[in-house]
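Report on the structure given below.
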Number of protein chains: 2
Amino acid sequence: MMGEGKFDISPEWVDGETKALEAPGDHRAELRLWLRLLTCSTLVESEVRRRLREEFDSTLPRFDLMAQLERAPDGMVLGEVSKRMMVSPGNITVLVERLTESGHISRTTLPTDRRVQIVALTPFGRAEFEKMAARHADWISDLFAGLSAKEGGVLMDELAKLKRSVIASLAGNT
Amino acid sequence: MMGEGKFDISPEWVDGETKALEAPGDHRAELRLWLRLLTCSTLVESEVRRRLREEFDSTLPRFDLMAQLERAPDGMVLGEVSKRMMVSPGNITVLVERLTESGHISRTTLPTDRRVQIVALTPFGRAEFEKMAARHADWISDLFAGLSAKEGGVLMDELAKLKRSVIASLAGNT
DNA sequence: CAAAACAATTTTAAGCTTGAAATTTCTTCC
DNA sequence: GGAAGAAATTTCAAGCTTAAAATTGTTTTG
């Protein structure tokens with residue numbers, strides 16, 4: 001079953017045929033675009049998860065949480081972490097518990113408001129994160145190596161447009 | 001999240017003049033690109049999950065599984081479903097159990113090879129899926145509405161290149 | 001100054017996901 | 001024909017994720 005480290009991925013199914021007369025309410029092009037975006041994202045994400053596990057016995061959520069804290073030397077309030085990571089507050093609770101147990105982060109209750117928890121990387125956590133971040137950057141670089149600088153730039157710009165489109169749509173525009 | 005920077009790093013094989021300006025191992029541009037891709041993907045995916053839950057009391061994995069089966073009128077072997085959805089075989093087992101319970105799909109053991117399970121949409125499942133698929137297409141269309149046809153085409157092409165790059169990279173190591 | 005409102009976080013219940021080990025069922029090859 | 005191996009699926013243990021309810025602590029207000 002483990003041919004080369006994973007269950008097999010057969011990537012050749014994204015292309016339906018598009019020779020369609022564009023009827024009203026025909027959303028085929030958008031759907032195909034979304035599927036392709038999702039495929040790219042999933043492929044990269046799965047690989048990153050796999051390597052974090054294999055090389056560091058860690059997970060992507062833990063890495064992401066530490067990445068947020070790396071830029072906040074004085075620590076960050078849990079709610080802020082939750083917003084930045086775009087995950088639910090309850091999720092943060094669990095992640096913080098585990099990362100605290102393993103010594104990667106510290107947590108403090110704010111004296112002036114005892115509802116507030118502040119988390120920060122420990123020196124150990126920071127050192128570990130830096131190792132992971134360096135490897136992570138290499139992995140991404142390898143996975144994206146087939147894109148030229150120019151192609152990458154175009155993709156970056158188009159994704160910016162897409163992001164604006166999505167956010168506008170979520171905000172209620174149509 | 002990230003600034004609106006440009007793609008400013010050359011891949012290994014395009015050394016030349018820009019290389020001198022960069023620190024060795026500078027993968028910033030690829031990382032930004034990956035972050036942006038992930039952000040777009042996450043935004044869309046979260047919204048789709050939310051609406052599937054609210055409008056249909058369903059989930060994205062269930063929808064995806066039914067979407068695979070819709071194109072296979074004669075059903076599909078579990079392993080094939082697993083590959084196409086790019087998820088682990090054990091995952092499929094759970095999803096199939098629930099969708100069978102709820103009457104959306106049927107499962108049959110292949111008489112000529114009793115290891116093989118074949119799943120297919122039931123008429124009820126197909127009808128339900130069609131309702132969901134129509135709404136799903138509308139949601140995606142709305143979310144992507146800020147992209148012109150041309151921009152969408154460019155994005156599609158660039159994502160195709162990225163997909164090739166990722167797959168080539170995955171094939172080249174373990 | 002209490003009571004209500006609000007805010008930050010945790011708990012809960014349910015479902016998703018994975019990799020690895022186990023199980024069942026063929027297939028191959030002496 | 002029977003053992004060894006391969007293939008398809010399931011089981012298992014652990015972790016992630018969410019929405020909603022509950023908890024704890026602070027602020028506002030009557």
Side-chain angles (χ1 to χ4, degrees), chain A residues 1-9 42 45-66 75-102 107-119, chain B residues 42 45-66 75-102 104-105 107-119 174:
Chain A
M1 146 74 53
M2 308 311 260
E4 39 172 74
K6 272 184 75 70
F7 38 88
D8 283 334
I9 288 173
T42 302
E45 205 177 319
S46 306
E47 182 64 7
V48 170
R49 285 181 197 276
R50 190 177 70 75
R51 297 203 189 188
L52 279 175
R53 180 174 40 74
E54 289 189 355
E55 291 194 24
F56 298 101
D57 193 27
S58 189
T59 69
L60 191 49
R62 290 176 207 199
F63 179 76
D64 286 344
L65 178 28
M66 288 195 279
M76 197 180 283
V77 174
L78 288 194
E80 179 68 13
V81 178
S82 168
K83 277 178 203 153
R84 294 204 186 212
M85 288 180 69
M86 297 197 281
V87 301
S88 65
N91 197 341
I92 298 298
T93 297
V94 180
L95 286 172
V96 163
E97 270 169 18
R98 302 202 195 273
L99 282 169
T100 303
E101 278 170 27
S102 62
R107 101 197 286 173
T108 323
T109 300
L110 191 67
T112 60
D113 185 341
R114 296 206 312 267
R115 293 170 305 183
V116 178
Q117 302 284 318
I118 292 173
V119 286
Chain B
T42 302
E45 205 177 319
S46 306
E47 183 65 6
V48 170
R49 285 181 197 275
R50 191 177 70 74
R51 297 202 191 188
L52 279 176
R53 180 173 41 76
E54 288 188 356
E55 289 193 24
F56 297 101
D57 193 27
S58 188
T59 68
L60 191 49
R62 288 177 207 199
F63 178 76
D64 286 344
L65 178 28
M66 288 195 279
M76 197 181 282
V77 174
L78 288 195
E80 179 68 12
V81 178
S82 168
K83 277 177 201 158
R84 294 203 186 215
M85 289 180 65
M86 299 197 280
V87 301
S88 65
N91 197 341
I92 299 297
T93 297
V94 180
L95 286 172
V96 163
E97 270 169 19
R98 302 201 194 273
L99 282 168
T100 304
E101 279 170 26
S102 62
H104 290 86
I105 68 176
R107 99 197 289 172
T108 324
T109 300
L110 190 67
T112 59
D113 184 342
R114 296 204 312 266
R115 292 170 305 181
V116 177
Q117 302 283 319
I118 292 172
V119 285
T174 300

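In what follows, chains are A, B, ... by sequence order, proteins preceding strands, each numbered from 1. Note that these values count all heavy atoms, side chains included, but never hydrogens, waters or copies made by symmetry. Computed from a prediction, not measured in an experiment: that's the story for all the values here.
Using a 4.0 Å heavy-atom distance criterion, A:Glu97 is classed as a sugar-phosphate-only contact. Within 4.0 Å of A:Gly79, counting heavy atoms only, lie sugar-phosphate atoms of the nucleic acid but no base atom. Residue contacts for A:Glu80: at a heavy-atom cut-off of 4.0 Å it reaches no nucleic acid atom on any strand shown.
Defining each end axis of the helix from C:dC1-D:dG30 to C:dC30-D:dG1 as the rotation carrying four pairs' C1' atoms onto the next four, with five pairs an end, the two axes are found to diverge by 10° to 10 degrees.
The CZ atom of A:Arg107 lies 5.0 Å from the OG1 atom of A:Thr100; values are rounded to the nearest 0.5 Å. To the nearest 0.5 angstrom, B:Arg115 atom CZ is 13.0 Å from B:Leu78 atom CG. Atom CD of B:Glu80 is separated from atom CD1 of B:Ile92 by 11.0 Å, given to the nearest 0.5 angstrom. To the nearest 0.5 Å, the span separating OG1 on B:Thr59 from CG on B:Leu99 amounts to 7.5 Å.
When every heavy atom of A:Ser82 is checked against every heavy atom of A:Ser88, the shortest pair comes out as OG-C, 3.7 Å. When all heavy atoms of A:Asn91 and A:Val87 are compared, the closest pair comes out as ND2-CB, 3.9 Å.
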Tabulate atom names and distances for all N/O pairs under 3.5 angstrom spanning the protein and nucleotides 21-24 of chain C.
none

Do any N or O atoms of the protein come closer than 3.5 Å to N or O atoms of nucleotides 13-16 of chain D, and which pairs are they?
residue, atom, partner, partner atom, Å
D:dC16, OP1, A:Thr59, OG1, 3.2
D:dC16, OP1, A:Arg62, NE, 3.3
D:dC16, OP2, A:Arg98, NE, 3.2

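The separation between A:Arg50 atom CZ and C:dT18 atom C1' is 13 Å, rounded to whole Å. In this structure, A:Leu65 places its CG atom 14 Å from C1' of D:dT17, rounding to the nearest Å. The CG-P distance, from B:Leu52 to D:dT18, rounds to 15 Å in whole Å. Note: CE (A:Met85) to P (D:dT17) measures 7 Å, nearest angstrom. The interatomic distance linking B:Leu60 (CG) with D:dT17 (P) rounds to 15 Å, in whole Å. The CG atom of A:Leu78 sits 15 Å away from the C1' atom of D:dT23 (whole-angstrom rounding). Taking atom CD of residue B:Glu101 and atom P of nucleotide C:dA14, one finds them 14 Å apart after rounding to whole Å. For B:Phe56 and C:dG15, the CZ to C1' distance is 20 Å, given to the nearest whole Å.
Two residues, A:Thr93 and B:Pro111, neighbour DNA chain C, and the one matched to the more 5' nucleotide by heavy-atom proximity is A:Thr93.
Legend: residues meeting side-chain contact (heavy atoms from CB on, under 4.5 Å) with B:Arg49, ordered by chain and number and at least two apart, are B:Glu45, B:Leu60, B:Pro61. Taking A:Thr108 as the reference, nothing meets the side-chain contact (heavy atoms from CB on, under 4.5 Å) condition, with sequence neighbours excluded.
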Show the numbers, then the answer: is there a side chain to side chain contact (heavy atoms under 4.5 Å, CB included) between A:Gln117 and A:Val96?
CA-CA 10 Å; A:Gln117 302 284 318; A:Val96 163; over 6 Å; no
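The shortest distance between the side-chain N/O atoms of B:Arg114 and the OP1/OP2 oxygens of C:dC26 is below 4.0 Å.
A salt bridge links B:Arg50 with B:Glu47: at least one charged nitrogen is closer than 4.0 Å to a carboxylate oxygen.
Contact annotation: the side chain of B:Thr42 approaches that of B:Ser46 to within less than 4.5 Å [non-hydrogen atoms, C-beta and beyond].
Each salt bridge (charged side-chain N to carboxylate O under 4.0 Å, His left out) pair with one or both residues in residues 55-64 of chain A, not counting sequence neighbours, appears once here: A:Glu55-A:Arg135.
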